[in-house]
2 protein chains.
Amino acid sequence: MKTPKQTKKNSIQELAKALRLSPATISRVLNNHPHVHTATRNRVMAFVEKTGYTRNVMASGLRTNKTNTVGLIVPRFSMFVHTEVITTVQNGLHAHGYNLIICQSNDSVDIEKDLARTLYASRVDAVIAACTMFTKDFSHFDILTENNIPVLFYDRVPMQSYGACIIRGDDFRGGFLAASHLVQLGCKRISYISGPLTCNIYIDRYAGFEKALTQHKVPVRKDWIFYHELTADNARKAMHRLFAKPPYPDAIMAANDVTAIAVLEYAKETGIPVPENLRIVGYSNDPRSAIITPSITTIEQFPRNIGNVIVAEVLKLLKSDGGKSAVETEPIIIPVELIRRMST
Amino acid sequence: MKTPKQTKKNSIQELAKALRLSPATISRVLNNHPHVHTATRNRVMAFVEKTGYTRNVMASGLRTNKTNTVGLIVPRFSMFVHTEVITTVQNGLHAHGYNLIICQSNDSVDIEKDLARTLYASRVDAVIAACTMFTKDFSHFDILTENNIPVLFYDRVPMQSYGACIIRGDDFRGGFLAASHLVQLGCKRISYISGPLTCNIYIDRYAGFEKALTQHKVPVRKDWIFYHELTADNARKAMHRLFAKPPYPDAIMAANDVTAIAVLEYAKETGIPVPENLRIVGYSNDPRSAIITPSITTIEQFPRNIGNVIVAEVLKLLKSDGGKSAVETEPIIIPVELIRRMST
DNA sequence: CTGAAAGCGCTAACAC
DNA sequence: GTGTTAGCGCTTTCAG
């Protein structure tokens, strides 16, 4: 590349010197301040273009106390819903000139604490967080809110209200829809594989499940309800116990699709006909649930919607500069939908 | 939370004043400089702990010219390989105290250009990039290398050598393995659905495919080779053309699993028995390829390995502070493996 | 071992 | 319209 010599230092001072202007003027041009002569503006712009000068955002951030950067904490990138949300949020924020620092807690509360601190150290302008499955105490986010950095929770969120914007799926309704569907199909012996009840989403989905069953006078058997991390492994163990001896369940509701898929595979391996003898419903509409045979009935959470709402809200908070008062106190609930497939 | 008053300004000066020390000393403690009295060090640490002081990395970054932040550009988060790589890289770098700014180009060269510039503006310490399918000219990364920010490419990388570390899968071998497998199964009429040949990975996979066929004297029919973005839609169109009139292919090799899945679904819908009349092989070992019925033979790229190598290399570059000379000139090639499944 | 002082690159009053 | 000046919060010589 024939870059001819190139001014060593890439600073506003250099531009100023070269153009025989003051740094202030350059800065004004760069920030589209009004009171600048069009001629000078053009001259500066041309030179900026030519030299490829790029503003040092650390310096300007230090001065203005803004970084144009947003932090995002998720349990894991690879969870379908989060992948989608991140995708949407990153595109949305980029379009508005914001960078995104994405972090994953790996569902570890300690890492989450660390991340909240690190993001504060970076003085991000806002933080978006989907918490750990186990986060009950949210005080590690205080350092952000106390320093006027707005925090926005989604998916796995604080249950008691917290001075932060909250966006979540309608998990109660999701659980209710899924369970009602099974009941309406005539299932009487419904097992539910839930995540740990430390987490709002599992609490709500369970509540929906219970409501549907009791409402239709279908018994809720405690020993058919499991609470554990929703891994394929745990799912298989649960299945093993359920099918150790009769009576067997006639339906399994799973609090996520990974579990539902593992359940289905177990059923296929052990020769339990699905949906004839066992109906299965999952949660999240992971693409795999559509592709497996038989395809799995599930709850669509519309992660792109969640992402778009997050973007809208975070921009609102960012605009309102300081943002304390602008916080939506009411959680924003994103509707869900049942997608019926072959497994029921 | 009972935060009692809390010093308004969270700065080293405040600590200094409160502790009747100079900012310099505080800074030394924070940076583990040797020549500090243990007593003072402890006093400072205790106070830091108590007040929850957190260093402003913009200020220190401005001073030291380091941000402890690495930028990452991928085409899309949601592509399986990238999701895995990002996961590994983020965890790996976090463990070493680095933040990661993750960006997606959406396979747009313009966005990619923009991102390179933005990352430079953030003065990240290094950039990791998997390029757009269409990136032929890589000069938009020059701004980074010229300013001594090491750039490390992976997956989709510059073809002519570029002053940057390169890490990629063994795409030639992947293509070769997949095609050889089909040949060995006796397939004679093999169609190949490739991505555009602007991109190293597709060039190499194609070369592997061609080598395997010619080596075994299986004809390479130009009209059975497709070059287009590897979407499900395009795959279906290709299938439609292939099966418009005989002779029909007896195998389809796809340059990614999304395509292979779409091909399989098309076959299922139109009643072409797989693998009896049509064998299918994909690329990437997307989880869906394992779950669909029949499961799809594919090439495992070991994205976690790729991620780990990236982390190792990037840390090496970061250590060597300036990093120009430490650049691996030879590309690092990550081996691939054929995973045989039911579709062949 | 600790302090004083300069400055990283930028912006925002305040002058003119 | 433009320049001067004073920091943002931190690190780093250089003195002591």
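Side-chain atoms of B/V127 and B/L152, non-hydrogen and from C-beta on, never get closer than 4.5 Å to each other.
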For nucleotides 12-15 of chain C, which of its nitrogen or oxygen atoms have a protein nitrogen or oxygen under 3.5 Å away, and what is each distance?
residue : atom : partner : partner atom : Å
C/dA13  : N6   : A/R28   : NH2          : 3.3

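Heavy atoms of B/L21 sit under 4.0 angstrom from primed sugar atoms or phosphate atoms, though from no base atom.
The phosphate of C/dT11 has OP1 or OP2 within less than 4.0 Å of a side-chain N or O from A/R55. Under 4.0 angstrom from either OP1 or OP2 of D/dG9 there lies no side-chain N or O belonging to B/S11. Considering only side-chain N and O atoms, B/S60 lies nowhere under 4.0 angstrom from the phosphate OP1 or OP2 of D/dG9.
Rounded to an integer number of Å, the gap from CG of A/L30 to C1' of C/dC10 is 10 Å. If you take CD of A/Q13 and C1' of D/dT4, they are 12 Å apart, rounded to a whole angstrom.
Residues forming a side-chain hydrogen bond (donor to acceptor under 3.5 Å, both in side chains) with B/D125 (at least two apart in sequence, or on another chain): B/T67. The salt bridge (Lys or Arg N to Asp or Glu O under 4.0 Å) test applied to A/R76 returns A/D107, not counting sequence neighbours. Partners of A/R304 under the salt bridge (Lys or Arg N to Asp or Glu O under 4.0 Å) rule, at least two apart in sequence or in another chain, are A/E84. The salt bridge (Lys or Arg N to Asp or Glu O under 4.0 Å) test applied to A/R168 returns A/D204, not counting sequence neighbours. Listed by chain and residue number, nothing satisfies the salt bridge (Lys or Arg N to Asp or Glu O under 4.0 Å) test with A/R43 (two or more places apart in sequence, or in another chain). Qualifying ring pair (Phe, Tyr, Trp, His ring centres under 6.0 Å) partners for A/F134, counting only residues two or more places apart in sequence or in other chains: none.
Comparing B/A59 and B/H35 by the nucleotide of DNA chain C whose heavy atom lies nearest to each, the residue mapping closer to the 5' end is B/H35. Sequence order on DNA chain D of the closest nucleotides to B/Y53 and A/S22 puts A/S22 first from the 5' end.
Among residues at least two apart or in separate chains, side chain to side chain donor-acceptor pair (under 3.5 Å) pairs with a member in residues 91-101 of chain A are A/N91-B/N106, A/H94-B/D114.
Comparing atom distances between the B/T40 side chain and each of C/dT2, D/dG9, D/dG3 picks out C/dT2 as nearest. Checked against D/dG9, C/dT2, D/dG1, the side chain of A/H37 finds its nearest nucleotide in D/dG1.
For the helix from C/dC1-D/dG16 to C/dC16-D/dG1, the rotation axes defined at the first and last 5 base pairs enclose an angle of 40°, given to the nearest 10°.
Between B/Y53 and B/F47, the ring centre distance reaches or exceeds 6.0 Å.
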